[in-house]
Every structure is written in C-alpha cells, then in structure tokens.
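The block underneath contains the structure these notes are about, expressed in structure tokens.
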There are 2 protein chains.
Amino acid sequence: MSSVADETRARLLKVAGPLFAQHGFRDTGVKTICDAADCNVAAVNYHFHSKQDFYGAVLAEAHQNAFAMRPMPRASVGTPAAALTAWLWWWMESMLHPGRPEWLQTLMAREMAFPTPALDQMVKRSIRPIYNELTAIVRRLLPRGSRLTVVRDCVHSVIGQVLVYKHAAPVLHRLSAMPTYQRGGLARLVANVVTFSLAGIAAIAAQKPSSRSKKIRR
Amino acid sequence: MSSVADETRARLLKVAGPLFAQHGFRDTGVKTICDAADCNVAAVNYHFHSKQDFYGAVLAEAHQNAFAMRPMPRASVGTPAAALTAWLWWWMESMLHPGRPEWLQTLMAREMAFPTPALDQMVKRSIRPIYNELTAIVRRLLPRGSRLTVVRDCVHSVIGQVLVYKHAAPVLHRLSAMPTYQRGGLARLVANVVTFSLAGIAAIAAQKPSSRSKKIRR
DNA sequence: CAAGAAGTCAAATGGCGATTTGAAATCGGC
DNA sequence: GCCGATTTCAAATCGCCATTTGACTTCTTG
C-alpha cells in the first residue's frame, strides 16, 4: 500500500494492453513487456503471480476503462428501430473507432477466436451483457412469438457484420478491402450496417407471420 | 520416388490437419503430431524442411481436397437473387457442415484471425477467388453505378454473417447460443442468412438511387 | 545377393522464455 | 538518520520444443 511502490505495477498494466492486442498472449514475451515498461523481468512475477494472472488483470483493467466512460445505451429508448440504431452506433464506435483504447476491442476479438483461460471471466463480465441487450432489442423487432433460434440467428447476423472487421482484418487488408475509419468512413459504414440489419430483420419477421412455417424459398 | 517411402509422409499430412485446427500452429508440438502419426519426431523435418513448411504443405493439401470435390458455383446462374442463394448454400455448407474435412474451414478461420506467414499464399489461392465471386454477385444486386465502398460493405455484411459462427464459436458455446448444424439446423440457418442478406442488400440498393446522397437516418 | 540410396530411430543439441533466487537498493515510520 | 519491510535487479534455473546428428534398418536396383 505505498505510493511509489505500485507505480511500476500501473506502468506494466498500461503498457501491456497494446502489446497483447498486437501480438497475442503467447507471442508477447515478458521480456518485451518489461522493456516497454522500463523495469526488470521479475516485476511481472512479483506484482502479479504469473504471466497468465497478469493477462487477466490487464483484461479486467481494460474492461473498467472502456465501459465505465462509455456506457451501453439501454433498450428502452424510443421505437425498436431507433433502439437498434442507437445501439449499433454505440457498439461499432466502441469496436472500430481508431482512437483511444483501441486495443481493448482487439483483445476481446482475439480472446473470442483464440480462447485462453481468461475467456470465461470475460464472457461473464463483458460479453454476456452486450449479447443480452442486443437480443432484447432484436426481440422487439420480431413478431411476438418468434422462436428463440430465429431471434438468435438475427442477433448473430448483426454481430457478424461488425465482428468481421476485427476478425478478418488481416485478410481484408491483403484484399485491399479494409475500409478506412476516418471521419466519414465509420459513419457511412455504421449507417449501412443499420440499414442492412433493419431490412434483414424485417424480412425475417415478415416471413414468419407468428406460428411455424415451412422453409420459404422463392 | 518410392512406394512405401512416403507412406509416412502421407500419414503426417493426414493426421496434422485436425490437430492444427484444434490447437493452432504454435500450440501443436511436432512431438504430438508424430505420436499421432505413429512415427519418429525427426520425420517432419526429414520429409518437409521445417515445421513452418510442413504447415504450409498441410494447408495446400487441405485446399486441394476441399475445393476440388466441391467446386464453387459460378455467378452466371439465373437471376442475381438465385445466384446469391446458390452461392450461400455452397459456402455455408462448406464452412459449417460438421461432416468430413471440417477442420479445413477452422484452419482458414484461424489463419484469418491470427495470420502466420502462410496467410499470403492462402489468400491468393483460396480466399481471393471466393471474395471476388461474391463481389460479382452482390454487384448484380445493386444499382449499376454503385460506389465500390458500398459494394464492399454489402459483401462484408454477408461474409460476416457466416464467419461469426467460426470466429466466435467459443463465445457462442459459452452463451449457449451455438446453433446445431444437424439435419434441419443448417438448412434453416442458411435460409435465414439468405433472406436477411437479400433484404439487406435490397435496402442498400433502394437507399442510393444511383448518385451520391447524404447520410440517411431513419 | 551385394551395395548404395533412402528412410527411421533414440538421443543430443541449442535456444528461447517464464519463473526463481538472493543480494542490493529504496521506502516508510519513528 | 536508523531499522524492518518492500521493491528492484542481474544472473541462474528450469522446462519445453524444434531441429540435428549419426548409427541403424529397410528398400531398390543391377
């Protein structure tokens, strides 16, 4: 409980996020982190028990900083369509905005596709609330008695449209297809995803008047 | 050029795919692979130059087996909507079908999110043709003079809806939201993605009569 | 069937990276 | 300004893993 003591502790936490995000947990050496934080290799094992525990602390810290100063909008705002629009603006800006703590979203994306023991905690703390909120919004856009599987399909379709820019980023770069998130770029992208999603959900809703139905092609 | 000689070579190639898919390149030891293939650790360095080259050979092999016996439908079939439907059936069955060489898609997904030096080759050989084909289909669903960025947004929205089931699988499992790909499950999922995508693209098309336009909300 | 080529093997090598250690330095309260 | 506790440091340790080595076995071919 000293003042100067855990100054390096804080320095480690601050410096590690971007590094883990860029190279992943396995490919980021303790040596590298400590060099960046300008301290000895033993520091991470002294202040945190192990590299794995340290990684967990970084994730927790990042979660605090990100979701505290940028709270998720609740579903109760206006019409269902307005709610989805507002929510998508919030989430896509959180996930894709190039500014500030950009690496947190990258870390989450990384953890999603390549789980470490820290994923369970992250799902409970960060991901499940987001998922539940979107599910609630989508449910209001669908007919009353829609099957759970259909609701989920729509939720996943919305999520996928956003996550693709994180999970397939290396490929999109190689295809020269990575959008620029500058001023206009991100806004245009969000608007398109909103339009696309609202129309998509509406089509699913129209297809199932309420009860069960056979597959509809045409 | 012997007969019994490269029998173990073939055995290594056959056995490594699932292992790499399950644990990733870094976390799959040569020891593990050779145990599974029932041969000595030196084999992989004898038949292929290094572990990295061996991995490249596994990817190439997998590509052959997968896309040779399941060719991609060309865009020229019928109406644009029919083309997208046919193409999505092909791609989603290739990506999500639980049967046979399931691990190839998992390997591709892995490579997308966590590139190794083998990604460049994979993009050129496997991914770019797929991407170009879908782009051609989507372009026919949009107005003549649509901007390239808009076409791309739609392509990515379609891709994302499918990839999410690969890239976010660990999370979806923890959310109890992973769909079952049994008999009816996959068909229903594909049908929903088709409906969702066609409506989404139509909405984007309707929104931009052809020239430029300001952001359209609500 | 001989002899060389090709393949297999157990054991060694070498490097990398997380963790530990024990001594030195710094801090906090008195 | 001193003493015990906390924090830092350079060096050692330890385990893991890809790769090499050199002897041994198995093929091929004339």
Side-chain angles (χ1 to χ4, degrees), chain A residues 1-61 107 110-111 114-119, chain B residues 1-61 107 110-111 114-119:
Chain A
M1 289 18 179
S2 52
S3 57
V4 59
D6 38 22
E7 193 174 277
T8 63
R9 185 190 152 98
R11 206 153 7 108
L12 279 171
L13 282 175
K14 172 184 300 194
V15 111
L19 292 176
F20 278 136
Q22 188 172 6
H23 304 106
F25 176 70
R26 284 291 308 269
D27 290 348
T28 306
V30 176
K31 177 73 160 41
T32 308
I33 297 171
C34 290
D35 281 357
D38 199 48
C39 65
N40 191 275
V41 262
V44 50
N45 283 77
Y46 176 79
H47 289 283
F48 315 86
H49 285 268
S50 62
K51 186 190 176 187
Q52 182 69 55
D53 285 4
F54 172 60
Y55 180 66
V58 170
L59 292 184
E61 166 93 352
L107 270 180
R110 232 173 224 291
E111 203 55 39
F114 202 164
T116 74
L119 177 57
Chain B
M1 281 45 172
S2 53
S3 57
V4 57
D6 37 23
E7 194 174 276
T8 62
R9 186 191 153 98
R11 207 153 7 108
L12 278 171
L13 282 175
K14 173 184 300 195
V15 110
L19 292 176
F20 278 137
Q22 189 172 6
H23 304 107
F25 176 71
R26 283 289 308 269
D27 290 347
T28 306
V30 176
K31 178 73 160 42
T32 308
I33 297 171
C34 290
D35 281 357
D38 199 47
C39 65
N40 191 273
V41 262
V44 50
N45 284 78
Y46 176 78
H47 288 283
F48 314 86
H49 286 267
S50 62
K51 185 189 176 187
Q52 182 70 54
D53 286 3
F54 172 60
Y55 180 67
V58 171
L59 291 185
E61 167 92 352
L107 268 181
R110 223 174 236 290
E111 206 48 45
F114 306 124
T116 74
L119 176 58

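Here is the naming used below: chain letters follow the sequence lines, and residue numbers restart at 1 for every chain. The structure presented is a predicted model; accordingly, all values stated were derived computationally and were not measured.
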Report summary line: Between A/Glu111 and A/Leu119 the two heavy atoms that sit nearest each other are OE2-N, 3.6 Å

Report summary line: Here the distance between atom P of D/dT6 and atom CD of A/Glu7, to the nearest Å, is 19 Å

**Report entry** Below 4.0 Å: OP1/OP2 of C/dT8 and any side-chain N or O of B/His47
**Finding:** yes

Query - Nearest-angstrom distance from the residue atom CZ of B/Phe48 to P of D/dT19 - result: 13 Å

Every protein N/O lying under 3.5 Å from an N/O of nucleotides 22-26 of chain D:
none

Query raised in the report: What's the OH-P distance between A/Tyr46 and C/dA25, to the nearest Å?
Result: 17 Å

Query - Ring geometry between A/Tyr55 and A/Phe20 (parallel below 30°, tilted from 30 to 60°, perpendicular above 60°) - result: perpendicular

Could you run down the sub-3.5 Å N/O contacts of the protein with nucleotides 10-14 of chain C?
from	atom 1	to	atom 2	distance (Å)
C/dA10	OP2	B/Asn40	ND2	3.4
C/dA10	N7	B/Asn40	ND2	3.2

Query raised in the report: What are the two closest heavy atoms between A/Asn45 and A/Ser50, and how far apart are they?
Result: ND2-CA, 4.1 Å

Query raised in the report: For B/Thr8 and C/dG7, is the shortest distance between a side-chain N/O and OP1 or OP2 below 4.0 Å?
Result: no

Query raised in the report: Is a side-chain N or O of A/Thr8 found less than 3.5 angstrom from the main chain of A/Arg11, in a donor-acceptor match?
Result: no

**Report entry** Check: B/Phe54 and B/Leu13 side chains under 4.5 Å, non-hydrogen atoms
**Finding:** yes

**Report entry** Flag side-chain contact, heavy atom, 4.5 Å: B/Phe114 against A/Arg110
**Finding:** yes

Query raised in the report: In whole angstroms, how far is the P atom of D/dC17 from the NE2 atom of B/His23?
Result: 12 Å

Query raised in the report: Can you list the steps and then say if A/Ile33 with A/Val15 is a side-chain contact (heavy atoms from CB on, under 4.5 Å)?
Result: CA-CA 7 Å; A/Ile33 297 171; A/Val15 111; 4.1 Å; yes

Query raised in the report: So, do B/Asn40 and B/Cys34 sit near enough that their side-chain heavy atoms are less than 4.5 Å apart?
Result: no

**Report entry** Atom of A/Lys51, atom of A/Thr28 and distance for their closest heavy-atom approach
**Finding:** NZ-O, 2.9 Å

Query raised in the report: Hey, is CD on B/Gln22 packed in by over 12 heavy atoms from elsewhere, all under 6.0 Å?
Result: no

Restricting to nitrogen or oxygen on both sides, can you table the protein-nucleotides 15-18 of chain C pairs closer than 3.5 Å?
from	atom 1	to	atom 2	distance (Å)
C/dA18	OP1	A/Lys51	NZ	2.9
C/dA18	OP2	A/Val30	N	2.8

Query raised in the report: For A/Arg11 and D/dT7, what is the distance between atoms CZ and C1' respectively, to the nearest whole Å?
Result: 12 Å

Requested in this report: Quick one: closest heavy-atom pair of A/Gly17 and A/Leu107, and the distance?
Outcome: O-CD1, 4.1 Å

